[in-house]
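Below is one structure; the comments refer to it alone.
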Amino acid sequence: MDKYDVKVALKELYSPSPKDFSVVDVPRMQYLAIDGHGDPNTSPEYAAAIEALYPVAYALKFASKKELGRDFVVAPLEGLWRADDPVVFTQRQKDAWDWTMMISLPDWITAEMTDAAITATKTKKGIPAVDQLRLLDLTEGTSVQILHIGSYDDEAPTLARLHHEYLPANGLTFNGDHHEIYLSDPRRTAPEKLKTILRQPVRSA
C-alpha cells in the first residue's frame, strides 16, 4: 500500500529555501482544525487544542487504512495566526494572538469519517477539546514563504523583513492569515535547530 505524504506530494510547499523568500501557489487543502486565542507557551487552551488534534488525526489515519485501504503519513502541525494589527507578530505580543491550529488531511477524508473519529476519540480518551475540532477547507493561492531555522521567538526579524521590505518592494500586500508549518518536534529538537515554514498569502497592493 502506497502511503500518501503531503510533504512529498506537494514538495514545493513544504521545502522552501532558508535563504530567500519564494512565491508559491497554494491550492485548496483540507485540514483538521481547532481555533483559540492567546500565548501558545502559556495558554491552557492551546495545550488542549494540541492534545485534541493528534489523536483524531491518527484515528483518521487508521480508519482510512482499514475502511478505504488508503494509508497516509500524519502531516506536521500547522498554525494560522491572526490579529487586528500585524505589529503584534513582529513585537511578539503573544497574548493578543488568535490562532487556528491544524493538520493537513488527504482530500479523500470525509466529514462523516471525521465526525466518527472525533466521537471515538472522545469516548475512548476523554479529551474534552475534541468537540471543538472541525474540517477546514482553505485555498491560500499566491503566497510568499521562507524556511526559518531557529527558535520561534527569533522569527521577528524575518517577519519584519517580509512585511516592510519584500512585500512593498514587490507591490504586494496581505491576503490572509500568517501561516506557520512546524517541520520539527520541539520536544526532541534544540531551539536553534527548529525548522518552521513561514508563509504569507498575498495579493497585489
Are more than 12 heavy atoms, taken from residues, nucleotides or ligands other than Lys7, located less than 6.0 Å from that residue's NZ atom? yes

Filter on salt bridge (Lys or Arg N to Asp or Glu O under 4.0 Å), then keep only pairs touching residues 132-146, sequence neighbours left out; what's left? Arg28-Asp137, Asp35-Arg134, Glu140-Arg199

Per the salt bridge (Lys or Arg N to Asp or Glu O under 4.0 Å) rule, what does the pair list look like for residues 141-152, sequence neighbours excluded? none

Do [X] and [Y] come within less than 4.5 Å of each other through their side chains, counting heavy atoms only?
{"X": "Phe174", "Y": "His163", "result": "yes"}
{"X": "Leu194", "Y": "Pro186", "result": "yes"}
{"X": "Met102", "Y": "Gln30", "result": "no"}
{"X": "His178", "Y": "Glu180", "result": "yes"}
{"X": "Thr173", "Y": "Arg203", "result": "yes"}
{"X": "Tyr166", "Y": "Val144", "result": "yes"}
{"X": "Leu162", "Y": "Leu198", "result": "no"}
{"X": "Ile127", "Y": "Lys122", "result": "no"}

Once rounded to the nearest 0.5 Å, what's the spacing between atom [atom1] of [X] and atom [atom2] of [Y]?
{"X": "Thr196", "Y": "Ile149", "atom1": "OG1", "atom2": "CD1", "result": "9.5 Å"}
{"X": "Ser184", "Y": "Lys193", "atom1": "OG", "atom2": "NZ", "result": "10.5 Å"}
{"X": "Leu80", "Y": "Leu136", "atom1": "CG", "atom2": "CG", "result": "7.0 Å"}
{"X": "Leu183", "Y": "Ile197", "atom1": "CG", "atom2": "CD1", "result": "4.5 Å"}
{"X": "Thr114", "Y": "Leu135", "atom1": "OG1", "atom2": "CG", "result": "3.5 Å"}

Between [X] (side chain) and [Y] (backbone), is there a donor-acceptor pair under 3.5 Å?
{"X": "Asn170", "Y": "Leu172", "answer": "no"}
{"X": "Ser64", "Y": "Arg70", "answer": "yes"}
{"X": "Asp154", "Y": "Gly150", "answer": "no"}
{"X": "His164", "Y": "Leu167", "answer": "no"}
{"X": "Lys65", "Y": "Asp71", "answer": "no"}
{"X": "Trp99", "Y": "Gly38", "answer": "yes"}
{"X": "His37", "Y": "Trp97", "answer": "yes"}

Indicate if Val74 and Val8 have the same hydrophobic cluster label, given that clusters are the connected sets of ILVMFWY residues with side-chain heavy-atom separations under 4.5 angstrom. no

Non-hydrogen atoms of Thr100 and Ala33 that approach each other most closely: CG2-CB, 3.8 Å

Nearest non-hydrogen partners of Val26 and Met29, listed with the distance: CG1-SD, 4.1 Å

Identify, with sequence neighbours excluded, every residue that meets salt bridge (Lys or Arg N to Asp or Glu O under 4.0 Å) alongside Asp25. none

Apply salt bridge (Lys or Arg N to Asp or Glu O under 4.0 Å) to Asp20 and list each qualifying residue two or more places apart in sequence or on a separate chain. none

Going by the rule side-chain contact (heavy atoms from CB on, under 4.5 Å), which residues pair with [X] if we only count those two or more places apart in sequence or in a different chain?
{"X": "Gln132", "result": "Ile34, Ala129"}
{"X": "Arg161", "result": "Phe21, Ile146, Thr158, Glu165"}
{"X": "Asp115", "result": "none"}
{"X": "Glu67", "result": "Ala63, Met113"}

Using the ring-ring contact (aromatic ring centres under 6.0 Å, His included) rule, collect all pairs that involve residues 180-205, keeping only residues at least two apart or in two chains. Tyr152-Tyr182

Please evaluate residues Ser143 and Gln200 with respect to the criterion side chain to side chain contact (heavy atoms under 4.5 Å, CB included), reporting the C-alpha separation (whole Å), side-chain torsions for both, the decisive distance (0.1 Å), and the verdict. CA-CA 5 Å; Ser143 300; Gln200 179 58 57; over 6 Å; no

Any salt bridge linking Asp98 with Arg82? Criterion: basic side-chain nitrogen under 4.0 Å from a carboxylate oxygen. no

As a quick check of understanding, evaluate side chain to side chain contact (heavy atoms under 4.5 Å, CB included) for Ile103 and Tyr31, giving each step before the final call. CA-CA 5 Å; Ile103 294 175; Tyr31 298 90; over 6 Å; no

Can you list the residues that meet the ring pair (Phe, Tyr, Trp, His ring centres under 6.0 Å) rule with Tyr4, with sequence neighbours excluded? Trp108

Table please: side-chain donor-acceptor pairs of residues 9-17 below 3.5 Å, with sequence neighbours left out.
| unit_1 | atom_1 | unit_2 | atom_2 | d |
| --- | --- | --- | --- | --- |
| Tyr14 | OH | Glu78 | OE2 | 2.7 |
| Ser15 | OG | Lys11 | O | 2.6 |
| Ser17 | OG | Lys19 | N | 2.9 |

Would you be so kind as to tabulate the donor-acceptor pairs closer than 3.5 Å made by side chains of residues 42-59, with sequence neighbours excluded?
| unit_1 | atom_1 | unit_2 | atom_2 | d |
| --- | --- | --- | --- | --- |
| Ser43 | OG | Glu45 | N | 3.1 |
| Ser43 | OG | Tyr46 | N | 3.2 |

Between Thr142 and Asn175, does a side chain to side chain contact (heavy atoms under 4.5 Å, CB included) hold up when you go through it step by step? CA-CA 9 Å; Thr142 303; Asn175 191 37; over 6 Å; no

